Amino acid sequence: MTLNKLAFSLLGALALAAPAFAGTAPSAKCSKCVAPVVAPEELLGFTLAVGYDSKYVFRGVDFGDNWLSTSLDYTTGIADGIRLDLGVDYGHVSDAGFLGTGDVSFDRLQASAEVVADLGGAELGLGYRYYSNLGEAGSFLDDTNEISLSLASKVSIFNVGVAANYDVDGEGWYFEAAVNTEIALTESISLVPGASIGYGVDYTYQLNGANAAGFGVDGFTAVGLNLALPIKLSKTATLAPYIAYNLPIDALDDLGEDDNLFGGVSLSVKF
């Protein structure tokens, strides 16, 4: 999950339905910014999306340029006011930028499952996420299991959400908070500005042996600003270009992470 995964996925359940909480990530996951209105009985509950990001920013860290990704998500009700969200996401970058590993490939496979309860004025989610890091740069990272707890609600015109993510293998925490809102420009086009911030506690970013070596990020990590323009192409298809800015602060700033401006686009189809 990339920077907008929080802003668009965590908040999407209440707000408007990309990389980004979860993040993590912005990912072109802003395909979830606006969900085309279709009668539930007409759909099977699946969403297929493909996306391009000029950078893959994961929890404030630039992992490389030209990120191509695809995802398949499934949502189904399992009880009154409770639903199950399942997802698998695969991405590839040909020139990884972290750890000085330029011009090498990096692939990441994510699989997730989350139970979400409608509390009336908010939604509470308990989830599991698995990361498999592949490619040449992926050899510097451990495969990781993660457990998350999230809360999303709407305050006035704003969609707000918070999430706590525990890396079981790295034994560290990553906390996220995000806010966004939808501004309807036409019946089919919306403007979605948003912002997010992260905080780590002994968070290793899945680096090999980091936990054993005593390395972990402690403190605020980055502020993310994003602006998406979801366009409903049909009842089931949404095209969502976006632009974003990642500003490392506190812990990541101390580690020398650079700020950057980037963007992308995604196409999602519900069926």
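We're numbering straight along the sequence, starting at 1. Fair warning: this is a prediction, and the values are worked out from it, not measured in the lab.
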Give, for atom [atom1] of [X] and atom [atom2] of [Y], the distance between the pair rounded to the nearest 0.5 Å.
X      : Y      : atom1 : atom2 : result
Asp143 : Leu109 : CG    : CG    : 9.0 Å
Asp142 : Asn211 : CG    : CG    : 9.5 Å
Asn260 : Asp65  : CG    : CG    : 9.0 Å
Asn165 : Ser148 : CG    : OG    : 5.5 Å
Glu136 : Ser94  : CD    : OG    : 10.5 Å

Practice prompt. Could you walk me through whether Phe262 and Tyr56 pass side chain to side chain contact (heavy atoms under 4.5 Å, CB included), step by step?
Written response: CA-CA 9 Å; Phe262 59 104; Tyr56 174 40; over 6 Å; no
Item to complete: Classify the ring geometry between Tyr166 and Trp173 as parallel (under 30°), tilted (30 to 60°) or perpendicular (over 60°).
Response: tilted
Item to complete: Look at the rings of Phe175 and Tyr199 and say which category their plane angle falls in: under 30° parallel, 30 to 60° tilted, over 60° perpendicular.
Response: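 Plane angle between 30° and 60°, so tilted.
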So do the side chains of [X] and [Y] get within less than 4.5 Å of each other, counting heavy atoms only?
X      : Y      : value
Val50  : Ser266 : no
Gln206 : Asn133 : yes
Asp89  : Ser69  : yes
Val115 : Ile78  : yes
Pro230 : Val192 : yes
Thr204 : Asp169 : no
Lys55  : Trp67  : no

Fill in: Leu239-Val269 co-clustered via ILVMFWY side chain contacts under 4.5 Å
no
Fill in: Tyr128/Tyr130 aromatic ring centres below 6.0 Å
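Distance test on ring centres: not under 6.0 Å, no.
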Worksheet item: Aromatic ring centroids of Phe63 and Phe106 under 6.0 Å?
Response: yes
Fill in: Passing candidate, side chain to side chain contact (heavy atoms under 4.5 Å, CB included) with Val61, options Leu255, Asn246, Leu252, Val217
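That would be Leu252; it is the only one of Leu255, Asn246, Leu252, Val217 passing the side chain to side chain contact (heavy atoms under 4.5 Å, CB included) with Val61.
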Discussion item. Check this for me, if you would: do Lys154 and Glu123 make a salt bridge, where the nitrogen-to-carboxylate-oxygen distance has to be below 4.0 angstrom?
Written reply: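 Salt bridge between Lys154 and Glu123, a charged N being under 4.0 Å from a carboxylate O: no.
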Discussion item. Among residues at least two apart in sequence or on other chains, which ones pass side-chain contact (heavy atoms from CB on, under 4.5 Å) with Ala117?
Written reply: Ile82, Leu119
Discussion item. Please determine whether side chain to side chain contact (heavy atoms under 4.5 Å, CB included) holds for the pair Leu229 and Leu191, giving the CA-CA distance in whole Å, both sets of side-chain angles, and the decisive distance to 0.1 Å.
Written reply: CA-CA 5 Å; Leu229 188 73; Leu191 193 63; 3.8 Å; yes
Discussion item. As a quick check of understanding, evaluate side chain to side chain contact (heavy atoms under 4.5 Å, CB included) for Asp167 and Ile147, giving each step before the final call.
Written reply: CA-CA 7 Å; Asp167 184 336; Ile147 298 172; over 6 Å; no
Worksheet item: If you draw the axis of the six-membered ring of Phe58, does the NZ or CZ of Arg108 fall within 45° of it and under 6.0 Å from the ring centre?
Response: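 Output yes; distance and angle both within limits.
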Worksheet item: Ser190 and Glu182: which non-hydrogen atoms are nearest, and at how many Å?
Response: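 In terms of heavy atoms, the two residues are closest at OG-OE2, 2.7 Å.
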Worksheet item: Does Ser153 reach the main-chain N or O of Gly121 with its side chain, forming a donor-acceptor pair under 3.5 Å?
Response: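 The answer is yes, because a donor-acceptor pair under 3.5 Å joins these two groups.
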Worksheet item: So Tyr242 and Asp53, side-chain hydrogen bond (donor to acceptor under 3.5 Å, both in side chains) or not? Walk me through it.
Response: CA-CA 9 Å; Tyr242 79 89; Asp53 301 79; 2.4 Å; yes
Discussion item. Per the ring-ring contact (aromatic ring centres under 6.0 Å, His included) rule, what does the pair list look like for residues 70-93, sequence neighbours excluded?
Written reply: Phe46-Tyr74
Fill in: Chi angles and distances behind the side-chain hydrogen bond (donor to acceptor under 3.5 Å, both in side chains) call for Ser150, Glu114
CA-CA 10 Å; Ser150 65; Glu114 183 177 29; 3.2 Å; yes
Item to complete: Could you walk me through whether Asn66 and Tyr52 pass side-chain hydrogen bond (donor to acceptor under 3.5 Å, both in side chains), step by step?
Response: CA-CA 7 Å; Asn66 301 315; Tyr52 167 79; 2.6 Å; yes
Item to complete: Kindly indicate, with the supporting measurements, whether the criterion side chain to side chain contact (heavy atoms under 4.5 Å, CB included) is fulfilled by Asp218 and Asp202.
Response: CA-CA 6 Å; Asp218 287 290; Asp202 294 328; 3.4 Å; yes
Item to complete: With side-chain hydrogen bond (donor to acceptor under 3.5 Å, both in side chains) as the test, would you mind laying out the steps for Thr238 and Lys232 before giving the verdict?
Response: CA-CA 5 Å; Thr238 300; Lys232 297 178 185 178; over 6 Å; no
